[in-house]
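What follows is a short report on a single structure.
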Amino acid sequence: MNCSDYSSALHDYLDGELPAPEVVQLEAHLAGCAACRATFDSLRALRAATAALPREIPPARDLWPELEERLEAKRPGFRLLGGMAQTAGLNSSRSIFHRLIPLAAAAGIALLLLLAERHAGSTPPRGGWEVAALDGMPRIGARDVRGTAELHVGQWLETDATSRAKVSVASIGEVNVEPNSRLRLVGTSATEHRVELARGSMRALIWAPPRLFFVDTPSATAIDLGCAYALNVDDHGDGELRVTSGYVALEHDGREAIIPKDFMCLTRAGAGPGTPFAVGAPADLRAALARFDFGRAQPAALTRVLALARAEDVVTLWHLLARTTGNDRAAVFDTLVKLSAPPAGVTRSGILAGDAAMRARWAAELGLTMVGLR
Amino acid sequence: MPYVAPVAVPLPALVTDAPDAEADLVRRAQQRDTTAFAALYRAHVRRVHAVCLRMTANASQAEELTQRAFLTAWEKLPLFRGDSAFATWLHRVAVNTVLADLRAEQRRLRRIFATDNPAALETPPPAPPVGIRLDLDQAIAGLPPQARAVFVLHDVEGWQHDEIAAQLGIAAGTSKAQLHRARQLLQEALR
């Protein structure tokens with residue numbers, strides 16, 4: 001047999017589908033054929049690159065408004081109008097056009113009414129946000145919440161060790177306030193909904209477009225980018241954020257971190273957000289990262305982080321490019337390229353010079369596309 | 001050391017970290033709550049759009065198919081019994097939406113060119129200028145449509161050849177041949 005006879009077998013071997021007797025034959029051939037070994041190595045590299053492709057790619061624009069209209073068009077009221085067109089016996093296209101004008105007008109009015117109703121629903125409720133007691137007796141100011149109540153701008157919602165509450169964030173999401181927490185409604189408008197979490201824990205599920213919902217904490221502001229996440233703040237004002245869907249940005253005093261799904265980030269009072277890390281990152285990597293972000297022996301900590309970095313940590317390393325300079329940034333770059341090849345047009349010299357466009361392009365390659373990175 | 005093939009994973013990890021919250025949203029959406037459906041859309045649109053974009057290699061078509069997938073999901077949601085994770089079910093809806101579109105396109109080509117082998121008419125997009133390194137997604141986009149669909153379903157999404165063959169209306173052997181062809185073209189494009 002010659003090399004071309006093994007061409008298909010290499011793929012089956014890669015997929016683990018080659019029968020055992022043929023495996024023995026192929027492995028013997030590979031041992032003596034450098035060309036086929038090279039082909040097989042190339043196939044393995046392709047498989048590894050495929051496995052590393054981002055599983056999520058956001059559309060370039062928000063599709064929901066258009067989709068929502070199409071959903072509305074499927075509601076019974078619209079079917080009724082369609083049915084009217086059919087029962088009117090409209091056959092020729094010309095007569096359809098002319099006779100549908102009043103129907104189209106009626107449909108337009110119905111659509112306007114629906115949109116007006118929806119628009120009214122998306123504006124903040126005049127009385128405040130609805131709060132429902134989930135467990136125990138949460139308090140708004142000095143009042144106990146029995147069943148449901150309203151949280152107004154400036155008011156504090158407090159839970160003790162035995163109480164929890166669900167807060168409806170206007171019409172854009174929900175926040176569960178866990179025990180021993182203090183949360184204040186700072187402001188609510190069509191363009192911004194903002195709360196302050198002074199201490200405790202909350203879980204947020206937001207379905208609005210990015211950058212509408214903000215949570216101020218003593219050590220950073222969490223900015224929703226279309227997501228679900230959990231946020232904890234301790235009595236010192238230090239925080240921990242874990243993203244379970246979408247993305248969240250953390251900002252403090254010009255320092256920013258973008259945390260994608262299945263990543264976490266620590267925040268420290270006075271220092272702002274640390275560097276995001278994978279939820280499953282090993283403890284020694286997390287410890288080294290915390291020393292780098294908030295400790296004193298930063299060079300040694302960075303060396304340790306780079307030594308421990310895995311393929312799953314490329315988002316972490318990408319953030320470190322912006323948090324290092326000079327030789328440290330070069331070391332981060334050299335580690336990062338071993339784990340994830342930069343996209344075309346992104347060069348070492350450009351990244352080391354702090355080229356923002358190149359960083360953004362690399363961010364897109366890593367799936368951090370919708371985030372308006374700086 | 002002998003090569004050991006990795007264990008095939010049917011679908012990537014799609015189970016949300018907040019299953020209770022999502023189950024609640026699914027229940028509400030089944031009762032025709034569009035607000036809950038909006039939340040499900042926000043949570044899953046990136047994943048649905050990714051598979052639509054990779055399989056079509058066309059941004060506007062991917063946006064249309066993403067919307068169609070969610071419209072189908074909205075219509076079929078009352079029939080969703082929770083036998084699988086919602087994300088897995090939705091992903092399947094999205095793939096089926098793309099495949100239906102691909103089959104319709106092949107029927108159209110058959111009508112126009114009177115051929116039983118529309119794949120023979122496929123012309124890959126022009127090669128990039130010499131010296132420009134392709135990234136993998138760009139290279140996948142440059143594959144002929146059927147080879148691209150098979151590659152995405154098998155190597156990216158983890159489907160088996162018999163499933164792909166059934167959905168594309170081709171023989172399992174053809175699916176395998178298309179996969180090998182796709183890999184070979186990608187190797188050449190990325191070289």
Side-chain angles (χ1 to χ4, degrees), chain A residues 7-8 11-17 23 27 30 39-40 42-47 49-61 63-64 66-68 70-72 74-75 121 171 173-174 176 203 205-208 226-228 242 244-246 261-262 279 341 343-345 365 367 370, chain B residues 2-8 12-14 16-18 21-22 25 32 34-47 49-51 53-54 59 62-63 66-68 70-71 74-75 128 132-138 140 151 154-156 161 176-177 179-180 183-184 186-187 190-191:
Chain A
S7 169
S8 181
H11 292 270
D12 290 341
Y13 186 48
L14 179 79
D15 295 332
E17 293 173 356
V23 167
E27 287 180 349
L30 285 174
T39 302
F40 185 63
S42 166
L43 281 173
R44 287 172 66 177
L46 176 62
R47 159 158 290 190
T50 306
L53 284 173
R55 288 295 186 267
E56 298 188 344
I57 304 173
R61 62 191 178 92
L63 303 179
W64 176 252
E66 206 174 308
L67 177 60
E68 190 177 25
R70 292 169 81 169
L71 289 176
E72 295 291 358
K74 286 180 176 292
R75 284 184 177 276
S171 60
E174 294 169 351
N176 277 18
R203 285 187 293 120
L205 177 63
I206 303 296
W207 47 83
C227 56
R242 176 179 172 165
T244 53
S245 174
K261 176 179 184 288
D262 293 334
V279 168
E365 179 87 351
M370 55 173 289
Chain B
Y3 170 70
V4 179
V7 177
L14 289 171
T16 169
D17 282 348
E22 181 155 285
L25 289 172
R32 312 286 82 180
T34 49
T35 304
F37 192 67
L40 292 171
Y41 164 84
R42 296 281 177 211
H44 296 284
V45 63
R46 298 177 194 87
R47 182 79 183 93
H49 179 255
V51 74
L53 184 61
R54 283 211 174 96
E63 288 183 355
T66 299
Q67 291 196 39
R68 266 197 246 161
F70 276 100
L71 285 168
W74 171 254
E75 285 173 349
I132 300 294
R133 195 182 66 83
L134 281 176
D135 77 7
L136 182 52
D137 261 328
Q138 284 175 299
I140 293 170
F151 178 82
H154 189 277
D155 277 12
V156 181
H161 283 299
K176 196 179 260 194
L179 176 67
H180 297 180
R183 286 176 178 166
Q184 192 179 343
L186 290 174
Q187 284 176 298
L190 296 166
R191 193 167 289 152

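Just so we're clear, the structure is a prediction, and the values are computed from it rather than from any experiment. Throughout, protein chains are lettered first and strands after them, A, B, ... in sequence-line order, and every chain is numbered starting at 1.
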Walk me through whether B:F70 and A:L71 qualify under side-chain contact (heavy atoms from CB on, under 4.5 Å).
CA-CA 9 Å; B:F70 276 100; A:L71 289 176; over 6 Å; no

Heavy-atom contact with chain A under 4.5 Å, split by part of B:I140
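Just its side chain gets close to chain A.
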
Under 4.5 Å heavy-atom distance to chain A, tell me which part of B:R191 shows up: side chain, backbone, both or neither.
neither

Please report the shortest heavy-atom distance between [X] and [Y], naming the atom on each side.
X      : Y      : answer
A:W64  : B:R42  : CB-NH2, 3.5 Å
A:W207 : B:A39  : CE3-CB, 3.2 Å
A:R47  : B:D155 : NH2-OD1, 4.2 Å
A:P59  : B:V45  : CG-CG2, 4.0 Å

Can you tell me how far the [atom1] atom of [X] sits from the [atom2] atom of [Y], to the nearest 0.5 Å?
X     : Y      : atom1 : atom2 : value
A:S7  : B:Q184 : OG    : CD    : 6.0 Å
B:W74 : A:E68  : CH2   : CD    : 10.0 Å
A:E66 : B:E63  : CD    : CD    : 8.0 Å

Would you mind reporting whether B:L25 and A:L205 have side-chain heavy atoms less than 4.5 Å apart?
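Yes, close enough: below the 4.5 Å cut-off.
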
Check for a donor-acceptor pair, side chain of B:R47 on one end and backbone N or O of A:R55 on the other, with a separation under 3.5 Å.
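Side chain of B:R47 to backbone of A:R55, a donor-acceptor pair under 3.5 Å: yes, one is there.
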
For the pair B:R46 (side chain) and A:E56 (backbone), establish whether a donor and an acceptor sit closer than 3.5 Å, ignoring hydrogens and angles.
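It does not hold such a pair.
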
Please classify the contact between A:A51 and chain B as side chain, backbone, both or neither, with a heavy-atom cut-off of under 4.5 Å.
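Neither part; nothing is under 4.5 Å.
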
Under a 4.5 Å cutoff for heavy-atom pairs, which residue among A:S42, A:G246, A:G173 has the most contacts with chain B?
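The candidate making the most pairs under 4.5 Å is A:S42.
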
Output the option from A:L53, A:L46, A:V23 having the highest count of non-hydrogen pairs under 4.5 Å with chain B.
A:L53

Return the orientation label for the A:H11 and B:H180 ring planes: parallel under 30°, perpendicular over 60°, tilted otherwise.
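Because their plane-to-plane angle is under 30°, the rings of A:H11 and B:H180 count as parallel.
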
Which of the residues B:K176, B:R183, B:R68 is involved in the greatest number of heavy-atom pairs with chain A at under 4.5 angstrom?
B:R183

side-chain contact (heavy atoms from CB on, under 4.5 Å), that's the test. Do A:D15 and B:L179 meet it? Break it down for me.
CA-CA 11 Å; A:D15 295 332; B:L179 176 67; 4.0 Å; yes

